[in-house]
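Let me begin by presenting the structure, written as C-alpha cells, before commenting on it.
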Amino acid sequence: MTKILIVAEHAGGKLNAATAKCVTCATAIAGAEIDIAVFAADAGDIAAQAAALAGVKKVLTVENAANAEPLAAVLAPQVAAVAANYTHVFGPSTTFGKDLMPRVAALLGVGQLSDIMAVESAYRFRRPVYAGNAIVTVEAPQDKKLVATVRAASFQPAASGGSAAIESAIESASAAADIPTHTRFVSRSAPATGRPDLQTASRVVSGGRALGSADNFKIIFGLADKLKAGVGASRAAVDSGYAANELQVGQTGKIISPELYVAVGISGAIQHLTGIKDARTIVAINKDAEAPIFEVADIGLVGDLFKIVPELEKALG
Amino acid sequence: MSKILVGLKRVVDYNVRVRVKPDGSGVVTDGIKMSINPFDEIALEEALRIKEQGGATEVIVVSIGAAETQQQLRTGLAMGADRAILVQADSAVEPLVAAKVFLKLIEKEAPTIVLLGKQAIDDDNNQTGQMLAALWQRPQATFASKIELAGGKAKVTREVDAGLETIEVDLPAVFTTDLRLNEPRYVKLPDIMKAKKKPLDIIALDTLGIETAGQFKTLKYEAPATRQKGIMVKDVNELIAALKQKGLV
Ligand SMILES: Cc1cc2nc3c(=O)[nH]c(=O)nc-3n(C[C@H](O)[C@H](O)[C@H](O)COP(=O)(O)OP(=O)(O)OC[C@H]3O[C@@H](n4cnc5c(N)ncnc54)[C@H](O)[C@@H]3O)c2cc1C
Ligand SMILES: Nc1ncnc2c1ncn2[C@@H]1O[C@H](COP(=O)(O)O)[C@@H](O)[C@H]1O
C-alpha cells in the first residue's frame, strides 16, 4: 500500500501553492493514500487550507514554538519521525523543500529524488538533469522509503473541495525527535510588492541586462502592471543590481510556468531557458535577431526595447 | 589549526550545450570541456577569503571522481587551496554516498567549516550539503549569499524564494553557496606552476568502508520536448494582433 506524506510549505498562515501541486503529483500514483503534515507554531489556518485540498485523506499537525520558522535542521528530525508510517515522503522543490528534504532523507538513511516532473509508477519517475537539457527516467527501490521533491512547474495545483480529517501528531513527532538549538532564525527580508507572485502568476514580464540600470528596469514594472503580470529577471539583471534576487528566473532561480512570458532584453542562455520552458506562450523582444531566445519564442519581435516597451504599454491602453 | 573542506566536483562546463546520446544511455561527453562545478568555484573562493582574513589556517579541496578529476583539483590548488584529496571512484556516486565520503574525511581532518556548492550542474540534485549536515549532526546554511564569521558562530544570508533570509549557526557547520556569494578569482600562470608542487592525495573510494552502491537506477535519457517553431512579428501592432489571436490580451 502506497502511503504518501507531503510536507506542507507555508508562510504567514498561508499554505504555499506548491503544496497543492505536490498533492497533484501524489495523486498520479495509482491507489496512493495521501496525508499532509503541517509543522508550525500555530497550525490552525494552514491545516484547514490543507484539509480542503481534494485527494487528501488526513492532515497531521505538529505544533511547537521551535517550528515558527522553517529551519531545516529543526524540522528534519520531526519530519523523519512522522514519516515512519509512510512509503513516500514528498516536499516541493522550492528553496524550502530543497533545504529540508535531503536532510530528512539522510536522517532516514536513504537517498532522495529531486524535481519529479512526471510520475510513471509508484517507484518510477521522470526528472530533468543538465539544466533541463536531458530528461531521465529513474527507478527507486521498492524496499526503501522514497523521499523526493516535486517540481512545482510540472503540476497544476490540486482542486479544493476536500474535507480531510485534521489530527495532532505532536506526540509521535516530539517523542522521537531531538530538536537541535545550533541553528537560529535571525530575520527575513520579503519585500511586499503588491504584484502577483512570480511562481504562481499566470503572466510574467522579465527584464535582462539590456535594461542597463535599476531606474530603467522600472519600465518592466510598468509593462507588467498593464498586463497584470508578475516581474522576473535574468541573472545578469539581478547581479547588476537592476532587480531583486528573488526575481531571478532560471536554473538557479525560479522555474515558472505562466500562460504568458515576456522576455525583454534577455539573450536566452540555457540557464535562463530552463526556467521558462513550461510557459504556454513566450514573447521575446530583443534587438539581436540571432539571440537564442528567438529559438524558443512563440512570438518574436526584433528591435530596441526602449522604443518597443513604451509603445506596447501605450497600445495596451 | 582550523581547516576548511571544500567540495570540487568535475562537471561538463556550463557553456556546453549538452546533448543526449542517440541510444539514450547518457549524454555526450566525448571531447567535451569539463570544469569545476561553478558553485564549487564560488565555495573555494569563499574559503580562500576566509583564510586570507585569518578565519582559517588551511583550505583542503576534495573531489570524488575519476582519475582525470586531478585536473580540476590542480586548478583548485592554483586558485590557492593548500592541498587536495581525490577520492577515486570509477563511476558517479549519488549525493548520499558523496555525503558519507565527506563525513569520513571530516572525521579525519576535523574542519570547522565545510563549503560545498548548492548544486552540481550535471545532475542538478542540490542534496549533498544538506545530507552531510544531517549525518554530521551539525547546522546547514544552504544557498548562502553572505557569510559572516564571529566567535564560533556564523551569520549567513540565504537566497530563498521569498527574498533573503538570515540565520545564525554554531560552528562547525556546512555551508552551500549561491551564485552571488562572491566572484571567483582568476588563476595566474605562476600559481599553476606552484600548484604542481602542492600535495594531492589519492584515496580509493572502496577503502573508506562505506556503502558506495547507488539506490536509484537511471533507465534512460531523453532529449526534452522541443517547442514548436514560433512566428516573428515586425512591430508592436503585429505583436498585439498575435497576442489577441491567442486570447492573451
Ligand atoms: C551555474 C550558472 C547558473 C546560472 N543560472 C541562471 C539563472 O537561473 N537565470 C539566468 O537568467 N541566468 C543564469 N545564469 C547566467 C546565464 O548564463 C546568462 O549569463 C544570463 O542569463 C544572461 O542574462 P541576460 O540575457 O540578461 O544578459 P545578456 O546575455 O547580456 O543578454 C542581453 C540581451 O539584451 C539584448 N539587448 C541589448 N540592448 C537591447 C535593447 N536596447 N533592446 C533590446 N534588446 C537589447 C542583447 O541583444 C542581448 O541578447 C547562470 C549561469 C551559470 C554559470
Ligand atoms: N563527486 C563529488 N565530488 C566533490 N564534491 C561533490 C561531489 N558531489 C557533490 N559534491 C558537492 O556537493 C555539492 C552539491 O552537489 P549535488 O548535491 O550533487 O547537487 C556540489 O556543488 C559539490 O560541492
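Just so we're on the same page: letters track the sequence lines, and every chain starts at 1. Side-chain atoms are counted along with the backbone in the values below, which use heavy atoms only and exclude waters and symmetry mates.
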Please classify the contact of Val283(A) with chain B as side chain, backbone, both or neither, using a heavy-atom distance under 4.5 Å.
side chain
Most contact-rich option vs chain B, by heavy-atom pairs under 4.5 angstrom, among Val238(A), Asp115(A), Leu227(A), is Val238(A)
Donor + acceptor pair across side chains of Thr19(A), Asn16(A) (<3.5 Å):
no
Working note: Glu168(B) + Arg184(A), criterion salt bridge (Lys or Arg N to Asp or Glu O under 4.0 Å); need CA distance, chi angles, decisive distance, verdict.
CA-CA 5 Å; Glu168(B) 187 186 70; Arg184(A) 298 167 292 273; 2.8 Å; yes
I'd like to verify something: which residue of Pro139(B), Gly230(B), Ala225(B) has the highest number of heavy-atom pairs under 4.5 Å with chain A?
Pro139(B)
Heavy-atom distance under 4.5 Å to chain A: side chain of Pro95(B), backbone, both or neither?
neither
Is it the side chain or the backbone of Val12(B) that comes within 4.5 Å of chain A heavy atoms, both, or neither?
side chain
Where do Arg151(A) and Asp278(A) land on the salt bridge (Lys or Arg N to Asp or Glu O under 4.0 Å) test, with the steps shown first?
CA-CA 11 Å; Arg151(A) 185 177 181 274; Asp278(A) 297 289; 2.8 Å; yes
Test: Asp298(A) and Arg280(A) ion pair at under 4.0 Å
no
For chain A, find which of Thr142(B), Asp122(B), Asn126(B), Thr218(B) contributes the most heavy-atom pairs closer than 4.5 angstrom.
Asp122(B)
Using the test ring-ring contact (aromatic ring centres under 6.0 Å, His included), find all partners of Tyr123(A) that sit at least two apart in sequence or belong to another chain.
His88(A)
Contacting region of Ala105(A) [heavy-atom separation from chain B under 4.5 Å]:
side chain
Which atoms of Lys144(A) come close to chain B, meaning under 4.5 Å heavy atom to heavy atom: side chain ones, backbone ones, both, or neither?
side chain
Highest number of heavy-atom pairs under 4.5 Å with chain A: which of Val156(B), Ile167(B), Leu135(B), Thr166(B)?
Thr166(B)
Before you tell me yes or no, could you show the steps for Gln251(A) and Asp124(B) under side chain to side chain donor-acceptor pair (under 3.5 Å), namely the whole-Å CA-CA distance, both residues' side-chain angles and the distance that decides it to 0.1 Å?
CA-CA 9 Å; Gln251(A) 180 187 17; Asp124(B) 285 330; 3.0 Å; yes
Is Ala134(A) close to chain B through its backbone or its side chain, or both, or neither, when contacts mean heavy atoms under 4.5 Å?
both
So what's closer than 4.5 Å to chain B heavy atoms on Leu198(A): side chain, backbone, both or neither?
neither
Side chain, backbone, both or neither: which part of Val18(B) has an atom under 4.5 Å from a heavy atom of chain A?
both
Taking side-chain contact (heavy atoms from CB on, under 4.5 Å) as the test, write out the residues that go with Glu69(A), two or more places apart.
Phe185(A), Arg188(A)
Set out, in order, the CA-CA distance, both residues' side-chain angles and the distance that settles salt bridge (Lys or Arg N to Asp or Glu O under 4.0 Å) for Arg17(B) and Glu295(A), then state yes or no.
CA-CA 14 Å; Arg17(B) 214 173 242 235; Glu295(A) 289 165 30; 3.8 Å; yes
Does the His272(A) side chain pair with the main chain of Ser267(A), one donor and one acceptor, at a distance under 3.5 Å?
no
So what's closer than 4.5 Å to chain B heavy atoms on Pro141(A): side chain, backbone, both or neither?
both
Kindly say whether Asp161(B) contributes a backbone atom to a donor-acceptor pair with the side chain of Lys254(A) at under 3.5 angstrom?
yes
Options Val302(A), Asp239(A), Leu107(A), ranked by heavy-atom pairs under 4.5 Å with chain B, top entry:
Asp239(A)
Counting heavy-atom pairs under 4.5 Å with chain A, the top scorer among Tyr221(B), Phe216(B), Phe39(B) is Phe216(B)
Hey, which residues of residues 174-185 of chain B are touching chain A, say heavy atoms under 4.5 Å apart?
Leu179(B), Arg180(B)
Count the heavy-atom pairs under 4.5 Å between each of Thr281(A), Leu100(A), Thr149(A) and chain B, then report the option with the highest count.
Thr281(A)
So, the part of Ile135(A) with a heavy atom under 4.5 Å from chain B: the answer is both
Could you tell me which portion of Val20(B) (side chain, backbone, both or neither) has an atom closer than 4.5 angstrom to a non-hydrogen atom of chain A?
side chain
Ser25(B) side chain vs Lys21(B) backbone, donor-acceptor pair below 3.5 Å
no
Segment of Leu243(B) engaging chain A (4.5 angstrom heavy-atom cut-off):
both
Is chain A contacted by the side chain of Ile240(B), its backbone, both, or neither, given a heavy-atom distance below 4.5 Å?
side chain
Residues Arg235(A), Gln271(A); criterion side chain to side chain donor-acceptor pair (under 3.5 Å); working and verdict
CA-CA 9 Å; Arg235(A) 176 185 168 197; Gln271(A) 294 87 3; over 6 Å; no
Please check this pair: side chain of Ser240(A) against backbone of Ala237(A), looking for a donor-acceptor N/O pair closer than 3.5 Å.
no
Run the numbers on Ser35(B) and Asp13(B) for side chain to side chain donor-acceptor pair (under 3.5 Å), then give the verdict.
CA-CA 5 Å; Ser35(B) 299; Asp13(B) 186 82; 2.6 Å; yes
Would you find a donor on one side and an acceptor on the other, under 3.5 Å apart, between the side chain of Gln78(A) and the backbone of Val74(A)?
yes
Does any pair with a residue in residues 237-249 of chain B pass side-chain hydrogen bond (donor to acceptor under 3.5 Å, both in side chains), and if so which ones, sequence neighbours excluded?
Lys234(B)-Glu238(B)
Donor-acceptor contact present, side-chain Lys104(B) to main-chain Ala99(B), <3.5 Å
no
Among Val129(A), Thr94(A), Ile285(A), which residue has the highest count of heavy-atom pairs closer than 4.5 Å to chain B?
Val129(A)
For Gln130(B) and Arg103(A), test the side chains for any donor-to-acceptor distance below 3.5 angstrom and give the result as yes or no.
no
Structural part of Lys100(B) lying under 4.5 Å from a heavy atom of chain A
neither
Most contact-rich option vs chain B, by heavy-atom pairs under 4.5 angstrom, among Ala131(A), Ala73(A), Ala72(A), Ser202(A), is Ala131(A)
Counting heavy-atom pairs closer than 4.5 Å to chain B, which one of Leu247(A), Val138(A), Asn133(A), Thr137(A) comes out on top?
Thr137(A)
